[in-house]
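Following: one structure in structure tokens, then a few remarks.
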Amino acid sequence: MARATSRQENRAQRLTQILDAARACVRADGFHGASLSRISARASMSGGHIYQYFETKEAIMLALCERDFDDFLHHITTLEDYASRDEDAVVEALSNEIMSLLSHDRSALTLEIIAEAGRNPKFLDLVSRVDDQIRSAFRTIIRPFLAGLSDQDIDERAETLLVMARGLAVHICTRPTSDHRLLATTFKISFRGALSTGSARVERKME
């Protein structure tokens, strides 16, 4: 049993080693510039050794994206516990979490993933699936504060938060010197707007 555990730990360590190397190469050279030879050199492993864990470079990139998105989702879904708290606490917690997650490094990788999704259906499927999960988490967080609104109203607000988070990632990537406190305030304004039940009545009058 101990030997099996040791093998599992060794495999997990090797996978992390490969994915960390792939991430560094993508940040330096982009998805297509990050060749297997560069990844293997960065990981201090031979190409043949890497093939014991991943069949193709595409498989490495998909696993890298999965890992990054899983980490993001873990942080967002833990905020569902705030759904029973007051509005100010929820706005502060989600805004702080979003800004802590949207580092320049993560945002740059997100842009690479989105660009690849426009070319590769496997990456598009991954991005679409993750978007659905994030959207669902946002719905869970905001629903308790929107009593009396329709599912469509709540879906529209969850979509607003998703678009805002995606837009922040783009902004941080293209303007890494941006003041994060200012961006956090911008997200809070959008979040409070999404929690406003009055805006729903205005929107319905305009339709």
Side-chain angles (χ1 to χ4, degrees), residues 7-78 95-135 137 161-184 186-187:
R7 284 198 298 268
Q8 292 172 350
E9 291 175 348
N10 182 64
R11 177 177 176 78
Q13 182 179 2
R14 290 299 187 189
L15 289 173
T16 298
Q17 188 175 341
I18 294 168
L19 295 181
D20 285 348
R23 184 187 184 93
C25 289
V26 169
R27 287 286 293 108
D29 306 308
F31 260 55
H32 294 281
S35 63
L36 184 62
S37 61
R38 288 178 180 270
I39 294 172
S40 60
R42 175 82 67 161
S44 300
M45 297 170 64
S46 68
H49 195 184
I50 288 179
Y51 279 128
Q52 295 178 25
Y53 299 91
F54 296 99
E55 292 184 358
T56 62
K57 173 191 159 183
E58 181 183 72
I60 296 175
M61 294 304 174
L62 283 168
L64 173 62
C65 298
E66 288 269 13
R67 185 182 71 166
D68 198 75
F69 281 141
D70 284 347
D71 179 63
F72 189 90
L73 278 167
H74 170 73
H75 284 83
I76 294 299
T77 53
T78 57
S95 300
N96 289 342
E97 194 67 37
I98 288 290
M99 294 311 302
S100 69
L101 289 171
L102 292 179
S103 64
H104 180 262
D105 181 67
R106 186 191 290 271
S107 296
L109 179 59
T110 298
L111 288 191
E112 289 284 350
I113 295 170
I114 293 171
E116 190 63 19
R119 299 183 287 261
N120 188 322
K122 292 182 181 179
F123 285 85
L124 177 60
D125 179 70
L126 172 61
V127 170
S128 297
R129 176 162 48 84
V130 171
D131 277 358
D132 286 343
Q133 291 173 298
I134 295 175
R135 191 181 292 109
L161 294 176
L162 178 61
V163 171
M164 185 66 185
R166 181 68 53 74
L168 280 172
V170 173
H171 186 82
I172 289 170
C173 181
T174 55
R175 296 192 64 184
T177 59
S178 295
D179 185 341
H180 275 223
R181 289 176 299 179
L182 177 61
L183 295 180
T186 302
F187 185 82

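In this chain, residues are counted from 1 in sequence order. If you're wondering where the values come from, they're calculated on a predicted model, not measured in any experiment.
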* Asked: Do you see a donor-acceptor pair shorter than 3.5 Å between the side chains of R14 and Q17?
  -> yes

* Asked: Stepwise, does the side-chain contact (heavy atoms from CB on, under 4.5 Å) test hold for R106 with F72?
  -> CA-CA 10 Å; R106 186 191 290 271; F72 189 90; 3.9 Å; yes

* To do: State, with a plain yes or no, whether a side-chain heavy atom of L19 is found less than 4.5 Å away from one of F54.
  => yes

* To do: Please examine the side chains of I134 and F69, heavy atoms only from C-beta on, and report whether any two atoms are closer than 4.5 Å.
  => no

Is the [atom1] atom of [X] crowded by more than 12 outside heavy atoms at less than 6.0 Å?
X: R135; atom1: CZ; result: yes
X: R38; atom1: CZ; result: no
X: R119; atom1: CZ; result: yes

Nearest heavy atoms of [X] and [Y], plus distance in Å:
X: A137; Y: I76; value: CB-CG2, 3.8 Å
X: A184; Y: M99; value: CB-CG, 3.6 Å
X: I39; Y: M61; value: CD1-CE, 3.9 Å

* Asked: Who passes ring-ring contact (aromatic ring centres under 6.0 Å, His included) against F31, sequence neighbours left out?
  -> F123

* Does R23 use its side chain to pair, donor to acceptor, with the backbone of L109 at less than 3.5 Å? -> no

* To do: For S128 and D125, indicate whether the former's side chain and the latter's backbone hold a donor-acceptor pair under 3.5 Å.
  => no

With rounding to the nearest 0.5 Å, note down the distance linking [atom1] in [X] to [atom2] in [Y].
X: H49; Y: S44; atom1: NE2; atom2: OG; answer: 12.0 Å
X: I50; Y: T56; atom1: CD1; atom2: OG1; answer: 12.0 Å
X: S40; Y: K57; atom1: OG; atom2: NZ; answer: 12.0 Å
X: L161; Y: S95; atom1: CG; atom2: OG; answer: 9.0 Å
X: I18; Y: L64; atom1: CD1; atom2: CG; answer: 11.5 Å
X: M164; Y: L162; atom1: CE; atom2: CG; answer: 12.0 Å

* Asked: Hey, mind stepping through R67 and L15 against side-chain contact (heavy atoms from CB on, under 4.5 Å) and telling me if it holds?
  -> CA-CA 11 Å; R67 185 182 71 166; L15 289 173; over 6 Å; no

Show every donor-acceptor pair shorter than 3.5 Å between a side-chain atom in residues 168-177 and any protein atom, with sequence neighbours excluded, or say none if there are none.
from, atom 1, to, atom 2, distance (Å)
H171, NE2, S178, OG, 3.2
T174, OG1, V170, O, 2.9
T174, OG1, H171, O, 3.2

* **Member of V26, L126, I60, V127 meeting the side chain to side chain contact (heavy atoms under 4.5 Å, CB included) criterion with C65** => L126

